[in-house]
Number of protein chains: 2
Amino acid sequence: MQVSLQALKAFESAARLGSFKLAAEELSLTPTAISHHISNLEGRLSVSLFHRHGRRIALTGTGARLAKATSEGFRKIDNALDEVMRAGTAVRVSTTSSLAAMALIPAQHEFEQANPGISLEISTGESVDSQSYILPVRYGDAARVEPSDIIRHESFNVFGAPGMAAPGSWNEGITLFTTQWKNTALPEPPLTAWLEENRLQGAKLNCVPFDQELFGIQQAMAGRGLVFCSTTLAKRLVDAKLLQSCDTREVASSLCYYVPNKNSFETRGAVRFLEWVDALLNG
Amino acid sequence: MQVSLQALKAFESAARLGSFKLAAEELSLTPTAISHHISNLEGRLSVSLFHRHGRRIALTGTGARLAKATSEGFRKIDNALDEVMRAGTAVRVSTTSSLAAMALIPAQHEFEQANPGISLEISTGESVDSQSYILPVRYGDAARVEPSDIIRHESFNVFGAPGMAAPGSWNEGITLFTTQWKNTALPEPPLTAWLEENRLQGAKLNCVPFDQELFGIQQAMAGRGLVFCSTTLAKRLVDAKLLQSCDTREVASSLCYYVPNKNSFETRGAVRFLEWVDALLNG
DNA sequence: ACTTGCAGATGAGCTAAACTCATCTAAAGT
DNA sequence: ACTTTAGATGAGTTTAGCTCATCTGCAAGT
């Protein structure tokens, strides 16, 4: 190889900082090493890169041109490296508020315990969703999604706080929190199917819709009524006895959680996360 | 330092060529070295960069992203390095056809003899002129040029082939080749001043203009007449006895050869060339 | 099915590149 | 004039990076 990349790195740093001493600090080397590198470089290129006026140095014209190119080149490489490095030691997941709040965030610590060295970042919101290196967990119509991308087919049931859970009769004018998505492309929660399945078509229900399942669940936990929601979201709360189902039978829906291009996520962290989330939701 | 730049270089090459073997050839290393570098890199980044299917390798998604950035980064650096390296070992000069053909090119070999390790490239033409790392030697009006940029104030005289050189009388209807620049911004060659200086205002001259001094000089050398041209261009031919002056007195002109921003050329080659060309034209 | 050849992985050992230390020089501040 | 600071220089030391030898697994030829 003609010129040493380390020498170039030293030069780039010295050129940018205008001092061998500072470059040495930046690269955790001695000023001597920088000096050697640069004179080596100047020798190989038979060009002088710095003017030396005693202890003061200044780039020559050629030096300045080279510095510009090396700085840009190394910056490009360093940025990519940073991204990749984060991809190796962290998984960045974006998902719906409800799944994040009810399932993923409460279990986040368990993931990190089970996978030391991989940190899990969970975020919600549109803006985060489609940037590169982010693993999006979306909620959608199973019929419109690549089957191999699906991580959980959703079922629904009615849940309530322990005291509320088993109403003597479904005709007492019970408040039932339901969900009405803002996004009209999403299939409706299968409330009529559930009423049929449980032979409660005639029940006297006071339905109160929210635009996110999360809110209805919180209302139910607080004892303000029952909630018709997905079993996935309720699971953890049921296990913790903060919520219980009403001896009713759950019904399947056409909703599912999925990860677009699931199989294209091949980093260690992403693979572990996908295994873990599968166990969490389906296990 | 976190990751080794040589490892990145190895990775970049392997990614681009799709083979450790070919990368090894490109970098003059053994395939083993490439393999070590890449597994080192994968270890440090805790990411796999290549899929291995037996003896076949393919980039992972992460690998492809990193490869794109490293390729671009290193390409930028390598290009700059190439340019600088040429700047150190070669001077690239552009100038007028006349100066190139009559003065610089004939003496090119002498420069390279006197400066081993520096090669001199001489080119003419508009397109070459203002690209970076090119040292342009231009012909122009001394009054409009930064004095420190001037390398030669031009004088003019009349020359002819040895047989032709001393006409018995200036009234024999002599053919005189002159120059009429295409570029009207250039001062005219000082023919009237020369005629006055030599008291030949009344001479019977058959003036034939060309748009470059070169052509008139060639005509004169071929014995077709005399030429009114700059002493710089004639000098070498006079020394070689291919041309001689007519016992007339030369006159100064406002024309000069100059190098824009002459003092900003600080490469070894450029400095040597400027010293040399000064000696060549003025010495 | 067996052989041969090829591409890459792995581990040990060696070499040269890269780093540091000690010493020196020149300029700038005190 | 004295001290301090930034860098140059040369010799000595460390370690990153290379090669060699060996091993594995696939694919193509016989």
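In what follows, every chain begins at residue 1, and chains take the letters A, B, ... in the order their sequences are listed.
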Test your reading of the model: is there a side-chain donor-acceptor pair from [X] to the backbone of [Y], 3.5 Å cut-off?
X: Arg152(B); Y: Tyr258(B); result: no
X: Ser39(A); Y: Ser35(A); result: yes
X: Ser46(A); Y: Glu42(A); result: no

Length of the line joining [X]:[atom1] and [N]:[atom2], which is rounded to integer Å:
X: Glu25(A); N: dG7(D); atom1: CD; atom2: P; value: 11 Å
X: Phe50(A); N: dA6(D); atom1: CZ; atom2: P; value: 15 Å
X: Leu17(B); N: dA7(C); atom1: CG; atom2: P; value: 13 Å
X: Leu41(B); N: dA16(D); atom1: CG; atom2: C1'; value: 15 Å

What is the ring orientation for Trp276(A) with Phe273(A), classed by angle as parallel under 30°, tilted 30 to 60°, or perpendicular over 60°? tilted

Once you measure the plane-to-plane angle for Tyr139(B) and Tyr257(B), does it fall in the parallel (<30°), tilted (30-60°) or perpendicular (>60°) bin? parallel

For nucleotides 23-30 of chain C, read 5' to 3', which letter fits each nucleotide if B means a protein heavy atom sits under 4.0 Å from the base, S means only the sugar-phosphate is that close, and - means neither? ----BS--

Any chance you could list the contact pattern along nucleotides 9-19 of chain C? Use B for base contacts, S for sugar-phosphate-only contacts and - for none, protein heavy atoms under 4.0 Å, 5' to 3'. SBBB-----SS

Hey, are the side chains of Leu99(A) and Leu233(A) touching, using non-hydrogen atoms and a 4.5 Å cut-off? yes

Option from His37(A), His36(A), Arg44(A) for which side chain to side chain donor-acceptor pair (under 3.5 Å) with Asn40(A) holds: Arg44(A)

Taking only Lys NZ, Arg NE, NH1 and NH2, and the carboxylate oxygens of Asp or Glu, determine whether Asp82(B) and Arg86(B) approach each other closer than 4.0 Å. no

